[in-house]
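Just follow the structure's listing: the first ligand is 1, and inside any ligand the first atom is 1. The residues of the chain are indexed from 1 along the displayed sequence.
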Amino acid sequence: MPALINLQHIFKVYGSGNTEVRALWDVSLSINQGDYCSIMGPSGSGKSTAMNVIGCLDRPTKGHYFFDGQDVAQLDDDALAIIRNRKIGFVFQQFHLLPQLSALDNVALPMVYSGIPAAERRERATKALHQVGLGNRLTNRPSQLSGGQQQRVAIARAIVNRPLLLLADEPTGALDTTTTEEVMKIFAELNRGGITVIMVTHEPAVAQLTKRVVWFRDGEIVDAHMSPDKVSYGTLVE
Ligand SMILES: Nc1ncnc2c1ncn2[C@@H]1O[C@H](COP(=O)(O)OP(=O)(O)O)[C@@H](O)[C@H]1O
Ligand SMILES: [Mg+2]
């Protein structure tokens, strides 16, 4: 499998002098197409910064980032936005659904920005909602759905442009155990269908459902290939 993500000696430094923060310090990481990774580590260890670089939301201070074969480390904002729109889907802890729109319209929204005609938007949004098991909830607004169902709408929205990569920062952070399982089942199915999935999580039970754990501390990767069954509550030093 070719590497979809290849970070080479990535540094991200905020501020300078005695206010300098080394958010990422010489991070190298390779993630293959079809992989399913969790990113773990203490609060402030650089996980979100790494996700922002990987997701083309932010540029590193220094280093090369090859995404899908292209060095994207120093592309301008417009070029990064095009890559995000075509190749990357995002899921967050808070679902960020628009309350006045139906599930279908929430999912169809990203396609408005990619210039896809209305009929096709509707068709693809319907299909994505079926994929996450919400084919019978197309017309419901977010307030009429459970937390797990709202997160599944957000996942449908993230996959509707058929991304290569799905990035999720604490996707189960606001969910209870049952709905966490519901959402994790969807990620596993999408990964089986070929989408590369990377998620930040604090929950060992969630990390154990992925294929590989990447462990951060103080802006550095301390273990890039941790086996998920090695993660337990004892390894979480917050
Ligand atoms: N925009 C920013 N400006 C200054 N410092 C930042 C900024 N974003 C993150 N940091 C710092 O970088 C470090 C890593 O942060 P972050 O990537 O958010 O960690 P994590 O997601 O693991 O909690 C922290 O020390 C944080 O305070
Ligand atoms: Mg974070």
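Of all heavy-atom pairs between I198 and M51, the closest is O-CE, 3.6 Å.
In summary, the side chains of E170 and T201 do not present any donor paired with an acceptor at a separation below 3.5 Å, with no hydrogens or angles considered. For the 3.5 Å distance criterion, the side chains of N161 and K87 fail to qualify, holding no donor opposite an acceptor. Counting only N and O atoms by type, the side chains of T49 and N52 include no donor and acceptor under 3.5 Å apart.
Contacts between V21 and ligand 1 below 4.0 angstrom, taking non-hydrogen atoms only, involve the side chain exclusively. When heavy-atom distances to ligand 1 are checked against a 4.0 Å cut-off, P42 comes that close only through its backbone atoms N, CA, C and O.
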### Query
Between S102 and N140, is a side-chain hydrogen bond (donor to acceptor under 3.5 Å, both in side chains) present by the stated rule, with each step listed?
CA-CA 5 Å; S102 66; N140 288 87; over 6 Å; no

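Atom 17 (O) of ligand 1 is flagged as protein-proximal [any protein heavy atom, distance under 4.0 Å]. Protein non-hydrogen atoms do not reach within 4.0 Å of atom 26 (C) of ligand 1.
Note on R22 versus E20: salt bridge recorded, some NZ/NE/NH1/NH2 to OD/OE distance being below 4.0 Å.
R152 places a side-chain N or O within 3.5 Å of a backbone atom of V132 that can act as its donor or acceptor partner.
Selection from S48, G44, G219, S43 by nearest heavy atom to atom 14 (C) of ligand 1 gives G44.
The protein heavy atom nearest to atom 15 (O) of ligand 1 is T49 OG1, 3.8 Å. With respect to atom 19 (O) of ligand 1, the closest heavy atom belonging to the protein is G46 N, 3.2 Å. In this structure, atom 9 (C) of ligand 1 lies nearest to the protein heavy atom Y14 CE1, 3.6 Å.
Under a 4.0 Å criterion applied to the non-hydrogen atoms of S45, ligand 1 contributes the atoms 19 (O), 20 (P), 22 (O).
Because the distance cut-off is set at 2.8 Å, M51 fails to qualify as a neighbour of the Mg ion (ligand 2), as none of its N, O or S atoms comes that close.
Below 3.5 Å of separation, one finds no N or O of A23 facing any N or O of ligand 1.
Ring-plane geometry between H96 and F92 is classed as perpendicular, the angle between the planes exceeding 60 degrees on a 0 to 90 degree scale with a lower cut at 30.
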